[in-house]
Amino acid sequence: MQEDWWKGKVIYQIYPRSFCDSNGDGIGDLRGIIRKLDYLKELGVDLLWISPLYASPNYDNGYDISDYYAIHPDFGTMEDFDRLVAEAKKWGLGILMDLVINHTSTAHPWFQKSIRKEEPYTDFYIWRPGRGKKKPNNWTGFFGGDTWEYVPERGEYYLHLFAKEQADLNFRNPRVIEAVEKVMDFWLAKGVMGFRCDVINIIHKDSLENGRFRPVLRGSEYYLSRPGLHSLLKRFHRNVWEKYRAFTVGETVFVSPEEAKKLTDPKRGELTAVFAFAHMETDCFGVKWFPRPFSPARFFKVLAKWQEALPWNTVYFENHDQPRSLSRFGDADRYPRESGKALALLLLSLRGTPFIYQGQELGMTNFDFTAMDQVEDVESHQIWGIVEKFHLPKRLYWKVMRAKSRDNARTPMQWTGEAGGGFSTGRPWLGMNHNHVERNADKEGQDPRSLLNFYRRLLAFHRSSPALREGTFEELYRKGSVWAFARRSPEGERLRFVINLSKTAKKSPITGTCLFSSYEETELGATLRPYEAALLGEESKSGKEEA
Ligand code: ISL
Ligand code: CA
């Protein structure tokens with residue numbers, strides 16, 4: 001297997017609870033995924049990243065693991081998992097596991113033994129005594145609020161950067177490092193192709209000093225991409241990942257291009273790729289709970305910066321933590337098809353590994369929930385608790401919640417127009433979006449102009465085009481809501497891309513014959529209509545270009 005076998009591959013993310021339920025209990029499962037492998041093959045993706053499948057009390061839907069070696073019974077059995085790997089292989093699809101090692105569930109036996117100081121688990125987690133009546137330090141967490149929880153039995157506090165049911169592991173303990181290496185080896189030996197590494201750039205804590213004042217994530221200067229992280233990753237790479245040629249994509253929060261470059265430099269031997277967040281933070285001030293209107297200009301500026309800064313990017317507009325891109329960056333009401341296709345074209349025209357999140361290919365939109373009791377997500381509830389506790393303006397925050405809750409991405413996959421959406425014959429664990437009646441895989445499959453069929457054609461083209469798969473990125477034009485760039489393969493294939501990500505018509509900086517168009521046009525003239533995007537072939541020798 002070649003070292004960079006993953007280059008040019010397209011990844012599809014499955015949120016297993018919401019993908020396909022095979023037994024009618026309302027929860028998606030492994031047999032459900034197996035049932036849909038033909039759909040995924042026909043769509044044209046290569047690798048499936050599946051959000052956590054492990055045993056878990058589900059405070060954070062599997063991101064709180066209580067046994068790294070067991071499949072959650074909701075999802076099936078280890079035999080089902082092995083069958084999935086084998087069946088996927090027959091379809092030419094590889095599996096990526098979600099590796100959550102910054103923390104475990106407090107129900108994990110390691111943690112339970114750590115409470116009782118049973119060796120070797122005493123220092124598996126980050127325990128500290130309080131400072132008089134005060135907590136060990138002033139850090140604040142990812143879901144808002146506290147990061148320390150007192151356990152009377154041990155007489156100490158433990159650190160948790162997420163929910164209090166998620167205790168941070170202590171990576172200064174060599175025993176912890178060995179334990180997680182064993183976990184990685186176990187899954188790679190089963191034939192998975194690699195990992196998506198959850199919040200990997202925060203696993204190493206430099207010190208536990210008080211953080212300086214900042215409105216969110218106080219203390220993060222002591223754990224965001226610290227030097228100790230690089231040593232840990234080098235070690236994982238050397239000891240485990242390298243021998244399997246594993247693909248490792250790190251979820252790296254608040255990462256700078258400089259750090260990302262180091263983390264993915266093949267000469268250093270750390271990660272294969274990283275998820276940066278900068279483009280996902282262009283419609284807020286730093287964190288999503290302080291939103292501002294979406295600006296395509298800001299979005300393109302950040303994307304362009306990262307395209308130029310990194311030798312290789314990941315390209316994603318959605319995942320299980322983010323609102324739906326059609327609702328967020330497009331126009332789900334007036335231009336669902338055009339803006340959905342424009343975003344698809346942008347996603348697959350940029351340089352890097354593209355990630356499609358389940359339902360994105362159908363144009364699934366934000367969850368149409370009307371009350372907090374329809375929301376399951378732990379983060380949403382924690383934030384709502386803060387709104388209530390501090391009497392923040394509810395009307396305003398309700399709007400923010402509707403736009404930003406992570407459950408926007410977690411509603412069940414819309415397979416058919418029936419009740420239960422073809423996702424389940426029972427009652428789905430989370431509400432189905434009502435628009436599943438109109439927008440679903442079944443209906444779209446039969447419509448040649450649907451978003452789903454657009455994705456299928458585009459993915460087939462992507463596979464056959466060295467320029468899209470691996471070509472260089474060259475910016476041609478960027479102003480307001482209009483962006484144009486070119487991709488060129490080493491063999492000289494050159495493609496040009498242009499997009500108008502707005503509701504108003506704009507002048508186009510380039511013209512030519514369309515390989516793909518969000519309006520399904522064959523020629524692009526001087527004007528870009530609302531949400532018009534196009535992928536153009538080589539410019540004709542006679543045709544002149546402004547850009
Ligand atoms: O979701 C977020 C904001 O709404 C992020 O801050 C998110 O918490 C962060 O990107 C880390 O996410 C990952 O780890 C979390 C888990 O809840 C997320 O689902 C996961 O993607 C803790 O494991
Ligand atoms: Ca089920």
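Both counts, for ligands and for their atoms, begin at 1 and track the order of listing.
The distance from ligand 1 to the heavy atoms of Phe143 drops below 4.0 Å at these ligand atoms: 8 (O), 17 (O). The atoms of ligand 1 that sit less than 4.0 Å from any heavy atom of Lys288 are 3 (C), 4 (O). Listed by number with element, the atoms of ligand 1 under 4.0 Å from a non-hydrogen atom of Phe277 are 10 (O). The distance from ligand 1 to the heavy atoms of His320 drops below 4.0 Å at these ligand atoms: 18 (C), 19 (O), 20 (C), 21 (O). Every atom of ligand 1 with a heavy atom of Arg196 under 4.0 Å away is listed here by number and element: 20 (C), 21 (O). For ligand 1 and Glu251, the ligand atoms under 4.0 Å from any heavy atom of the residue are 9 (C), 10 (O), 11 (C), 12 (O), 13 (C), 21 (O).
Atom CZ of Arg427 is surrounded by 12 or fewer heavy atoms from other residues, nucleotides or ligands within 6.0 Å.
The nearest N/O/S atom of Asp29 to the Ca ion (ligand 2) is OD2.
Under a 3.5 Å cut-off, the side chain of Arg410 and the backbone N or O of His320 do form a donor-acceptor pair. A distance-only check finds no donor-acceptor pair linking the side chain of Asp64 to the backbone of Gln166 [under 3.5 Å].
In summary, an N, O or S atom of Asp21 is located under 3.0 Å from the Ca ion (ligand 2). Residue contacts to the Ca ion (ligand 2): Asn23 brings an N, O or S atom closer than 3.0 Å. At a cut-off of 3.0 Å, Ile27 coordinates the Ca ion (ligand 2) through an N, O or S atom.
Of the protein's non-hydrogen atoms, Asp60 OD2, 2.5 Å is the one closest to atom 17 (O) of ligand 1. Looking from atom 15 (C) of ligand 1 to the surrounding protein, the closest heavy atom is Phe162 CE2, 3.8 Å.
Distances shorter than 4.0 angstrom occur between a heavy atom of His103 and an atom of ligand 1.
In this structure, Arg175 is not positioned above the aromatic face of Phe124 in the sense of NZ or CZ being under 6.0 Å from the six-membered ring centre and within 45° of the axis.
Ring planes of Trp312 and Trp6: perpendicular class, angle over 60° (limits at 30 and 60°).
A salt bridge does not link Arg328 with Glu318: none of the charged nitrogens is closer than 4.0 Å to a carboxylate oxygen. Comment: Asp38 does not engage Lys36 in a salt bridge, judged by the lack of any side-chain N to carboxylate O separation of less than 4.0 angstrom.
Considering Asn102, Val100, Asp198, Leu161 only, the shortest heavy-atom separation from atom 20 (C) of ligand 1 involves Asp198. Here the shortest heavy-atom distance to atom 11 (C) of ligand 1, taken over Ile65, Val287, Leu217, Val199, belongs to Val199.
For atom 5 (C) of ligand 1, the protein comes within 4.0 Å by no heavy atom at all.
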